[in-house]
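Since the structure comes first, as structure tokens, the remarks are kept for the end.
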Amino acid sequence: MYFQKKRVIAMLLAGGQGSRLKVLTEKTAKPAVPFGGKYRIIDFPLSNCVNSGIDTVGILTQYQPLELNEYIGNGQPWGLNKTHSCAQVLPPYERHDKKSGWYKGTANAIYQNIDFVDRFDPDYVVILSGDHIYKMDYAAMVSYHEKHNASCTIAVRNVPLEEASRFGILNTNPDNSIYEFEEKPPVPKSTNASMGIYCFNWKVLRDALLADEEDPKSSNDFGKNIIPNLLNAGHKMMAYPFEGYWKDVGTIDSLWEANMELLGKEPAFDLRGDERFKIAARNSALPSSYIDEKAKIVNAFVAEGSEVYGTVKHSIISTGCTIGEGALVEDSVVMPGSVIEAGAIVRNAILGEDSKVGKNAVVGGAFAPDEKKSISVTSKGAVVEANTVLRPGDML
């Protein structure tokens with residue numbers, strides 16, 4: 001079979017368990033978690049690829065892959081099903097050299113798929129994570145990488161100094177060349193945080209992956225092994241500053257916050273006003289939403305196929321949901337197919353897909369001014385019985 005040579009391909013790491021999302025990922029891979037009413041988290045890096053002119057994407061799956069595989073399909077929603085483009089799902093598989101099995105780390109995941117990358121003989125490979133919400137032109141990053149004749153370029157963003165120890169920190173020269181990489185340092189020397197978005201010369205990365213696999217002490221990880229090893233070997237590495245919206249939605253709080261940041265006349269992350277960088281998604285053909293005459297909706301998203309008879313304030317109502325008469329949803333994310341029956345109250349919560357909140361039940365509550373956010377969460381298909389209470393921070 002003939003495979004057309006590509007200047008750039010992308011490899012999207014989408015196999016993480018997402019344990020910090022707790023009950024939301026018990027039955028769903030983290031990249032397949034719903035977001036923003038009608039999207040899944042993985043829609044963002046996939047759409048970024050297409051919007052950046054990258055038409056070949058390998059998607060590395062592992063944990064709970066069925067729903068994610070079905071969602072990606074042949075890549076049609078993102079325009080990745082044409083003659084010389086593809087969205088190829090790449091699960092772990094048995095190799096003849098026995099160096100196979102579950103992906104042991106981010107670098108090992110790419111190592112196990114060297115044959116897939118070699119088919120396209122790319123000059124550059126962009127490595128992406130499947131659990132970030134952002135819009136980014138990868139083509140601009142690749143051009144920057146090429147202009148500086150680098151072996152590896154890492155997207156970075158400034159973070160508050162008090163948060164820097166949570167990230168891989170890149171210490172740079174005035175020209176943005178990297179002289180030191182620190183993985184989650186207790187006392188950071190800078191605030192240049194790695195976004196987990198890398199552009200590599202494929203020949204350099206290929207050799208590094210082969211060498212890493214032969215090292216029995218390696219964690220087979222980009223941040224812990226590949227990047228420090230290339231830096232120590234004298235490869236030119238560049239930091240690519242990114243100033244747009246970006247959020248790692250790997251925790252309950254960050255997922256809730258990112259959804260809330262879609263709302264308002266001037267949202268922190270605007271999904272409505274950018275025609276050039278649209279986010280595509282696989283959506284069911286649902287009818288328009290029905291808003292009853294008694295309903296009240298204030299500063300909210302209500303996706304198609306929903307019925308609203310109650311009150312919705314500062315919330316995300318996803319596709320195919322029902323909000324019963326006299327019910328109140330406030331400061332919450334209601335995922336697809338959920339039903340909130342008459343008189344129920346949902347505040348500061350995330351309801352997993354196909355959840356049901358019975359009549360007059362209460363989920364969550366308000367935050368005191370000096371209180372840490374305590375988001376109540378229900379799992380996929382969970383049922384909160386009528387007249388019961390799920391307190392702030394509780395999970396079901």
Side-chain angles (χ1 to χ4, degrees), residues 1-18 28-33 39-97 99-132 136 138-139 142 196-203 205-206 209-210 213 220 222 279-282:
M1 182 180 292
Y2 169 72
F3 294 94
Q4 185 182 54
K5 175 178 170 56
K6 300 288 183 178
R7 177 171 171 266
V8 186
I9 73 167
M11 297 293 277
L12 176 51
L13 298 165
Q17 182 175 350
T28 303
K30 180 164 56 172
V33 169
Y39 305 98
R40 306 268 167 172
I41 296 172
I42 199 170
D43 290 328
F44 292 84
L46 281 177
S47 297
N48 287 339
C49 286
V50 174
N51 293 331
S52 303
I54 298 175
D55 62 6
T56 301
V57 185
I59 303 162
L60 288 73
T61 61
Q62 181 160 280
Y63 174 77
Q64 293 283 8
L66 181 60
E67 184 176 5
L68 189 58
N69 294 354
E70 290 176 343
Y71 185 75
I72 294 166
N74 66 353
Q76 182 271 332
W78 307 274
L80 291 170
N81 63 330
K82 299 181 174 65
T83 302
H84 292 295
S85 66
C86 73
Q88 182 68 53
V89 174
L90 300 168
Y93 66 97
E94 186 71 27
R95 290 165 54 99
H96 67 86
D97 58 6
K99 291 183 177 180
S100 59
W102 291 113
Y103 295 144
K104 295 180 289 183
T106 52
N108 176 259
I110 304 298
Y111 166 82
Q112 290 201 38
N113 289 284
I114 282 177
D115 290 346
F116 171 81
V117 181
D118 280 343
R119 287 177 167 185
F120 303 97
D121 188 26
D123 299 317
Y124 309 111
V125 175
V126 176
I127 308 293
L128 305 169
S129 295
D131 54 359
H132 299 157
M136 184 176 180
Y138 304 138
V142 173
I197 300 169
Y198 314 118
C199 178
F200 286 97
N201 294 351
W202 172 233
K203 291 181 180 178
L205 177 58
R206 193 181 194 282
L209 292 172
L210 292 172
E213 193 63 25
N220 306 121
F222 277 100
I279 303 300
R282 182 183 295 281

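- Judged purely by atom type and a 3.5 angstrom limit, Thr28 has no side-chain atom pairing as donor or acceptor with the backbone of Val33.
- Remark: Glu70 does not engage Arg282 in a salt bridge, criterion side-chain N to carboxylate O under 4.0 Å.
- The distance from the NZ atom of Lys203 to the CG atom of Leu205 is 13.5 Å, given to the nearest 0.5 Å.
- Checking side-chain atoms of Tyr103 against main-chain N and O of Pro91 turns up a donor-acceptor pair under 3.5 Å.
- Rounded to the nearest 0.5 angstrom, Cys49 SG and Ile9 CD1 are separated by 10.0 Å.
- Shown here for Tyr124 and Asn201, the closest heavy-atom pair between the two residues is CE2-OD1, 3.1 Å.
- Panel note: side chain Lys6, backbone Arg119; no donor-acceptor pair is recorded below 3.5 Å.
- To the nearest 0.5 Å, the span separating CG on Leu80 from OG1 on Thr56 amounts to 8.0 Å.
- For the residue pair Ala281 and Pro77, the shortest heavy atom distance occurs at O-CB, 3.7 Å.
- Checking side-chain atoms of Arg7 against main-chain N and O of Asp123 turns up no donor-acceptor pair under 3.5 Å.
- For the pair Met136 and Asn48, the tightest heavy-atom approach, listed with the atom from each and the gap, is N-OD1, 3.3 Å.
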- Leu90 and Met11: side chain to side chain contact (heavy atoms under 4.5 Å, CB included), yes or no, with the steps? CA-CA 10 Å; Leu90 300 168; Met11 297 293 277; 3.9 Å; yes

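- Expressed to the nearest 0.5 Å, how far CG of Asp55 lies from CG of Asn81 amounts to 11.5 Å.
- Heavy atoms only, all atoms of each residue included: Ile59 and Ala14 are closest at CG2-CB, 4.0 Å.
- In this structure, Trp102 contributes its side chain and Pro92 its backbone to no donor-acceptor pair below 3.5 Å.
- Counting heavy atoms from C-beta on, the side chains of Ile114 and Leu210 come closer than 4.5 Å.
- Put simply, OH on Tyr71 and CG on Leu46 are 8.5 Å apart, with the number rounded to the nearest 0.5 Å.
- For the pair Asn74 (side chain) and Gln76 (backbone), a donor-acceptor distance under 3.5 Å is present.
- Listed by chain and number, the residues in a salt bridge (charged side-chain N to carboxylate O under 4.0 Å, His left out) with Asp43 amount to none (sequence neighbours excluded).
- Taking each heavy atom of Tyr138 and Ile197 in turn, the nearest pair found is CE2-CG2, 4.4 Å.
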- Message: Show, in sequence, the C-alpha distance, side-chain angles and deciding distance for Trp202 and Asp121, and conclude whether the side chain to side chain donor-acceptor pair (under 3.5 Å) test is met.
- Response: CA-CA 8 Å; Trp202 172 233; Asp121 188 26; 6.0 Å; no

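- Among residues two or more places apart in sequence or in another chain, the ring-ring contact (aromatic ring centres under 6.0 Å, His included) test is passed with Phe120 by Phe3, Phe116.
- Between Ala29 and Leu68, the shortest heavy-atom contact is CB-CD2, 4.4 Å.
- Put simply, the side chain of Leu13 reaches to within 4.5 Å of the side chain of Ile110, judged on heavy atoms.
- In this structure, OG1 on Thr106 lies 15.0 Å from OH on Tyr111, to the nearest 0.5 angstrom.
- With a 4.5 Å cut-off on side-chain heavy atoms, Asp118 and Arg206 count as touching.
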